[in-house]
Student: 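Please find one structure pasted underneath; my questions will follow.
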Amino acid sequence: MKVVTRFAPSPTGYLHIGGARTALFNWLFAKHHEGQFLLRIEDTDRRRSTSDAVDKIFSGLKWLGIECDEPPVFQSSNSTRHIEIAQKLLNQGKAYRCFCTQDDLTEMRKKARSEGKTRLYDRRCRDYKPTESELNNSSSIRIKMPTEGKTLINDIVQGDVKVSNDNLDDFIIIRPDGTPTYMLAVVVDDHDMGITHIIRGDDHLNNAFRQLHLFHACDWTVPKLAHIPLIHGSDGAKLSKRDGSLGVESYEKMGILKDAMNNYLLRLGWSHGNEEIISRDKAIEWFNLNSIGRSPSRFDTEKLLNLNTHYIRNSSNKELISYILPIIFQLMGSEISSIAIDRIERGMPGLKQRSKSLIELARSSLIYNTEMPILIQKDAAEHLNPKNISLLSCLHQNMKKMGKWDHDSLEEIVRETAEDNNIKLRQMAQPLRVALTGSTVSPSIFEVMEVFGKDETLNRLKTVTKV
RNA sequence: GUCCCCUUCGUCUAGUGGCCUAGGACAACGGCCUCUCACGCCGUAAACACGGGUUCGAGUCCCGUAGGGGACACCA
């Protein structure tokens, strides 16, 4: 049997971390079984659904590299089919018309609450035979649920979960205005789309009991269920703005690589022994539902960042350039020269070793910009005292005579100059770093000089020593 | 209030009755390396929520307690 999974978000906000992980798990599971991954937008609530949210979901998934194998389905466009099924259930006596108004229901619940009883629907219309004229009144359609016994779900993640049928009321499948509810729509769509495995957040576990009976009422086979635990914020409660409740696009803006995000999401609630760094290929090869944990996990930005440093270091220089160019443009407010871009690419090995995010990478790469004179940072300025400046002009003289201009020969000459002046290498290197980059922090200064080349290096030195 | 789920270092987790004096990773702390900052390397501290069972033996199975989370719509 071919595996078909789906990700079915409601377009009421952005694609948050939990949704992204659900999508990833569905996608991975489908790929692992060489099946299909589908996307369905659950927009049965027209008032709350926005096209902006739909766009955000699409772009979020695209960023993560999670692509669906069929065009996305919009649930609202299937409403004719949903209504047809409801009508059929009505005809078969498996559903019934309910004439209760909103007010009737709130009053019923209020009363139930004051009596300390359950606030489920009391089924007052279940056996009611409407008159001809009443049939013209607006009514909703409710599904008949079993009134006794228990319902058992065999969930791949949660195991056997049992609930007494007293807790299942006759829920509405068609609203008085004739539109189908979510509860009906999911079941019909999951069946029509041939979904074999429903993998979703365990906030849906309770719904699953209701949906199970709908599947039965329609005589459809029930897909396999896997309810995965939710992701909490770092405080253990709901996701806050601090951490994961942000849309995935904000992580992109924070300079997180999509591979890092995927890897992090994968390890949140799922594991494969002690493996931490997991490539997409390995993820597809290893992913299974049985290794999903049953307890909720917390979002930890530090670990995400750690993964990010790993993936940055392992990205190609060209790739990184393409990522940071737009960020540099934002920082500078203008394009940078092709000379600078070339330098950044050659300086990338040292740069990418030191960055936790693409933002950091973009910032630190600015030392290779061509703009002159360079800006000396506040805490760096003190290194350019008269004593150090004379040291630097001495170094300038020595370097002028150099033929070969590479890392090792540069290191040699700086060491020699330091030795001749009876100072330690660091006493020479720090002023040099400040003079060339304007900062006390940079990649290896020898690497920096090699990237700059002889002319630029001497030029920058001269600017500083002359002033 | 009712129903459902969860509980191993601060965090993510390994663990499927003896291999556990509980392993890895992130973070923290200390050291080494060192031209700065990082990286890297070495090391330290850190957990089976609690109470009862079952068993020769329990982190692992069962029951209870506590704590956390989720669900109880004409939302999805």
Side-chain angles (χ1 to χ4, degrees), chain A residues 8-12 42-45 47-49 75 98 100-102 105-106 109 112-113 116-121 138 140-142 153 155 157-159 161-164 166-169 171-177 179 181-183 185-186 201-209 227 229-230 232 234 236-238 264 267-277 291 293-307 309 313 350-351 353-356 360 364 380 383 411 414-415 418 424-434 437 439-446 448:
Chain A
S10 54
T12 52
E42 311 245 297
D43 57 349
T44 36
D45 185 359
R47 271 182 304 179
R48 299 206 312 155
S49 305
Q75 191 156 64
C98 170
C100 296
T101 63
Q102 198 88 256
L105 295 174
T106 42
R109 291 202 178 94
R113 184 184 301 213
K117 285 188 194 150
T118 166
R119 32 192 109 148
L120 299 173
Y121 178 61
S138 78
S140 54
I141 297 177
R142 286 181 187 270
I153 279 180
D155 192 276
V157 174
Q158 305 290 337
V161 186
K162 224 182 341 186
V163 83
S164 163
D166 315 336
N167 298 303
L168 272 23
D169 65 351
F171 57 91
I172 291 182
I173 54 176
I174 300 287
R175 301 186 183 98
D177 67 0
T179 58
T181 62
Y182 156 83
M183 212 60 98
V186 239
D202 73 8
D203 50 339
H204 283 285
L205 185 58
N206 286 280
N207 291 334
F209 290 101
H227 287 91
L230 303 178
H232 293 163
S234 47
K238 285 210 168 183
Y264 179 72
R267 283 286 288 106
L268 218 49
W270 179 87
S271 61
H272 183 79
N274 282 336
E275 300 290 340
E276 295 288 349
I277 306 287
S291 300
R294 280 204 268 181
S295 54
S297 44
R298 301 186 185 198
F299 189 86
D300 181 21
T301 312
E302 290 297 334
K303 191 144 184 174
L304 209 208
L305 246 22
N306 175 270
L307 249 11
T309 60
R313 269 181 245 147
L351 253 19
Q353 191 78 0
R354 279 155 242 266
S355 303
K356 286 188 172 179
E360 276 185 36
S364 58
H383 286 274
E411 176 163 1
V414 175
R415 279 187 189 279
K424 297 209 160 133
L425 179 59
R426 57 169 299 151
Q427 291 171 285
M428 185 85 250
Q430 268 316 71
L432 179 59
R433 188 186 320 279
V434 174
T437 69
S439 163
T440 54
V441 177
S442 82
S444 160
I445 197 60
F446 311 116
V448 171

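Each chain gets a letter, A, B and so on, in the order its sequence line appears, and its residues count up from 1.
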Student: How many whole angstroms separate atom CZ of A:F171 from atom P of B:rC72?
Tutor: 12 Å

Student: Would one find a side-chain N or O of A:T12 under 4.0 angstrom from OP1 or OP2 of B:rA76?
Tutor: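 Answer is no, no contact under 4.0 Å.
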
Student: In whole angstrom, give me the gap between the C1' atoms of B:rU2 and B:rC19.
Tutor: 46 Å

Student: Select base, sugar-phosphate, or nothing to describe what A:T44 touches, counting heavy atoms under 4.0 Å on all strands.
Tutor: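 If one applies the 4.0 Å heavy-atom cut-off, A:T44 turns out to touch the sugar-phosphate alone, with no base involved.
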
Student: Please state how far atom CD1 in A:I172 lies from atom C1' in B:rC75, giving the value in whole angstrom units.
Tutor: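 Taking CD1 of A:I172 and C1' of B:rC75, I get 12 Å after rounding.
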
Student: For the pair made of CD in A:Q353 and P in B:rC41, what is the distance, rounded to whole Å?
Tutor: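 In whole Å, B:rC41 P and A:Q353 CD are 11 Å from each other.
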
Student: Return the pairing partner of B:rU21 with a 3.5 Å limit on both distances, Watson-Crick or G-U wobble; otherwise return none.
Tutor: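 For B:rU21, the partner nucleotide comes out as none, under the 3.5 Å rule.
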
Student: What is the separation between atom NZ on A:K356 and atom C1' on B:rA38, rounded to the nearest whole Å?
Tutor: 10 Å

Student: What distance separates A:E360 CD from A:L305 CG, expressed to the nearest 0.5 Å?
Tutor: 7.5 Å

Student: Any strand counts, and the cut-off is 3.5 Å on both contacts for Watson-Crick or G-U wobble. Which nucleotide pairs with B:rA14?
Tutor: none

Student: State which of B:rG24, B:rC3, B:rU36 makes the closest approach to the side chain of A:V163.
Tutor: B:rC3

Student: Does B:rA71 have a Watson-Crick or wobble mate here (both distances under 3.5 Å), and if so which one?
Tutor: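 Looking at the geometry, B:rA71 pairs with B:rU2.
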
Student: Look at the side chain of A:N274 against the base of B:rG23 and say whether a donor-acceptor pair falls under 3.5 Å; ignore hydrogens and angles.
Tutor: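 By the distance-only test, yes, there is a pair.
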
Student: Rounded to the Å, how far apart are A:R415 CZ and B:rU34 P?
Tutor: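 In whole Å, B:rU34 P and A:R415 CZ are 9 Å from each other.
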
Student: I'd like to know if A:S140 reaches the base of B:rC74 with its side chain such that a donor and an acceptor end up less than 3.5 angstrom apart.
Tutor: no

Student: Taking 4.0 Å as the cut-off, does a side-chain nitrogen or oxygen of A:R294 come that near to OP1 or OP2 on B:rU13?
Tutor: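 It does not, given that no N or O in the side chain of A:R294 lies less than 4.0 Å from OP1 or OP2 of B:rU13.
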
Student: Applying a 4.0 Å non-hydrogen cut-off, can you work out what A:R433 is touching in the nucleic acid: base, sugar-phosphate, or nothing?
Tutor: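 If one applies the 4.0 Å heavy-atom cut-off, A:R433 turns out to touch a base.
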
Student: With a 4.5 Å limit on heavy-atom distance, are the side chains of A:R267 and A:S271 in contact?
Tutor: yes

Student: Compare side-chain N and O positions of A:N167 against OP1 and OP2 of B:rC72 and report whether any pair is under 4.0 Å apart.
Tutor: no

Student: Do the side-chain N and O atoms of A:R433 and A:T437 include a donor-acceptor pair separated by under 3.5 angstrom?
Tutor: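 Note: A:R433 and A:T437 side chains miss the donor-acceptor criterion.
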
Student: Using side-chain heavy atoms (C-beta onward) and a distance below 4.5 Å, is A:V157 in contact with A:H227?
Tutor: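 With C-beta onward as the side chain, the pair stays apart.
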
Student: Which nucleotide, in any strand shown, forms a Watson-Crick or G-U wobble pair with B:rC61, with both distances under 3.5 Å?
Tutor: B:rG53

Student: With side chains defined as the heavy atoms from C-beta onward, is the minimum distance between A:H383 and A:Q427 less than 4.5 Å?
Tutor: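 No, too far: nothing below the 4.5 Å cut-off.
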
Student: At less than 3.5 Å, do the side-chain atoms of A:N207 and the base atoms of B:rA76 form a donor-acceptor pair?
Tutor: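 Donor-acceptor pair under 3.5 Å: yes.
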
Student: Checking side-chain contact (heavy atoms from CB on, under 4.5 Å) for the pair A:Y182/A:S10: CA distance, chi angles, key distance, verdict?
Tutor: CA-CA 10 Å; A:Y182 156 83; A:S10 54; over 6 Å; no

Student: Distance between the C1' atoms of B:rA27 and B:rG69, in whole angstroms?
Tutor: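 Between the two C1' atoms, the distance is 25 Å.
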
Student: Rounded to the nearest angstrom, tell me the gap between atom CG in A:L105 and atom P in B:rA73.
Tutor: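 Checked: the CG to P distance equals 10 Å.
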
Student: What's A:K424 touching, base or sugar-phosphate or nothing? Going by heavy atoms closer than 4.0 Å.
Tutor: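 Nothing, no heavy atom under 4.0 Å.
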
Student: Answer yes or no for A:R142 and A:F171: cation-pi contact, defined as NZ/CZ to six-membered ring centre under 6.0 Å and angle to ring axis within 45°.
Tutor: no

Student: Please determine, for the side chain of A:P176, which listed nucleotide (B:rG70, B:rC35, B:rC74) has the closest atom?
Tutor: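 Of the candidates, B:rC74 comes closest.
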
Student: Give A:L230 one of three labels, base, sugar-phosphate or nothing, depending on what nucleic acid heavy atoms sit under 4.0 Å from its own.
Tutor: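 The residue A:L230 makes sugar-phosphate contact but no base contact.
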
Student: Could you tell me whether the side chain of A:S140 reaches within less than 4.5 Å of the side chain of A:R175, counting heavy atoms only?
Tutor: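 No, their side chains stay 4.5 Å or more apart.
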
Student: Roughly how many Å is it from CD1 in A:I153 to C1' in B:rA71, rounded to a whole number?
Tutor: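 These atoms are roughly 13 Å apart.
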
Student: Please tell me which of the listed nucleotides, B:rA76, B:rC3, B:rC39, lies nearest to the side chain of A:M183?
Tutor: B:rA76

Student: Would you measure the distance from the C1' atom in B:rC61 across to the matching atom in B:rG24 and give it in whole Å?
Tutor: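 So the two C1' atoms sit 26 Å from each other.
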
Student: In whole Å, what separates the C1' atom of B:rA58 from that of B:rC63?
Tutor: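 That atom pair is separated by 15 Å.
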
Student: Taking the same atom, C1', in B:rA71 and in B:rG52, what whole-Å distance lies between them?
Tutor: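 Here B:rA71 and B:rG52 have their C1' atoms 31 Å from each other.
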
Student: Does B:rC20 adopt a syn or an anti glycosidic conformation, taking syn as a chi angle within 90° of 0?
Tutor: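 You should classify B:rC20 as anti.
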
Student: Of all the choices, B:rA38, B:rC74, B:rC5, which nucleotide is nearest to the side chain of A:R354 once you look at every atom?
Tutor: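 Side chain of A:R354 sits closest to B:rA38.
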
Student: By the 4.0 Å heavy-atom rule, please label A:H227 as base, sugar-phosphate, or nothing.
Tutor: nothing

Student: Check every strand shown and say whether A:T106 touches a base, only sugar-phosphate, or nothing at a heavy-atom separation below 4.0 Å.
Tutor: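 If one applies the 4.0 Å heavy-atom cut-off, A:T106 turns out to touch nothing in the nucleic acid.
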
Student: More than 12 heavy atoms of other residues, nucleotides or ligands under 6.0 Å from CZ of A:R426: yes or no?
Tutor: no

Student: With heavy atoms under 4.0 Å as the rule, sort A:E42 into base, sugar-phosphate or nothing.
Tutor: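 Sugar-phosphate only.
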
Student: Counting only side-chain nitrogens and oxygens, does A:R313 get under 4.0 Å of the OP1 or OP2 atom of B:rC39?
Tutor: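 No.
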
Student: Pairing check on B:rU7: which nucleotide meets the Watson-Crick or G-U wobble criteria with it, both distances under 3.5 Å?
Tutor: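 Base partner found: B:rA66.
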
Student: Provide the Watson-Crick or G-U wobble partner of B:rC33, both distances under 3.5 Å; none if there is no partner.
Tutor: none

Student: Between B:rG40 and B:rA25, how far apart are the two P atoms, rounded to whole Å?
Tutor: 12 Å

Student: Check the distance between B:rG24's C1' and A:N306's CG and give it to me in whole angstrom.
Tutor: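 Computing the A:N306:CG to B:rG24:C1' distance gives 13 Å.
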
Student: Working to the nearest 0.5 angstrom, can you tell me the gap between A:D203 CG and A:L230 CG?
Tutor: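 Taking CG in A:D203 and CG in A:L230, the distance rounds to 5.0 Å.
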
Student: Hey, would you say the A:Y264 and A:F299 ring centroids sit under 6.0 Å apart?
Tutor: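 Close enough - the centres of the two rings lie under 6.0 Å apart.
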
Student: Closest approach to the side chain of A:L205, judged atom by atom: which nucleotide of B:rC5, B:rC75, B:rC35 is it?
Tutor: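 For the A:L205 side chain, the nearest candidate turns out to be B:rC5.
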
Student: Between B:rG59 and B:rU54, how far apart are the two P atoms, rounded to whole Å?
Tutor: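 B:rG59 and B:rU54 have their P atoms separated by 16 Å.
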
Student: For the pair A:V414 and A:L425, evaluate side-chain contact (heavy atoms from CB on, under 4.5 Å) and give the outcome as yes or no after the intermediate values.
Tutor: CA-CA 7 Å; A:V414 175; A:L425 179 59; 3.8 Å; yes

Student: For A:P9, which contact category applies under a 4.0 Å heavy-atom criterion: base, sugar-phosphate, or nothing?
Tutor: nothing

Student: Determine the contact category for A:S271: base if any of its heavy atoms lies under 4.0 Å from a base atom, sugar-phosphate if only primed atoms, P, OP1 or OP2 are that close, otherwise nothing.
Tutor: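 Sugar-phosphate contact only.
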
Student: I'd like a table of atom pairs between the protein and nucleotides 8-12 of chain B - only N or O on both sides, under 3.5 Å - with the distance next to each one.
Tutor:
from: B:rC12; atom 1: OP1; to: A:R298; atom 2: N; distance (Å): 2.9
from: B:rC12; atom 1: O2'; to: A:R267; atom 2: O; distance (Å): 2.9
from: B:rC12; atom 1: O2; to: A:K303; atom 2: NZ; distance (Å): 3.3

Student: Could you measure between the two P atoms, the one in B:rC56 and the one in B:rC9, and give it in whole Å?
Tutor: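 Approximately 31 Å lies between the P atom of B:rC56 and that of B:rC9.
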
Student: If you look at every strand shown and take non-hydrogen atoms under 4.0 Å, does A:F209 touch a base, only sugar-phosphate, or nothing?
Tutor: nothing

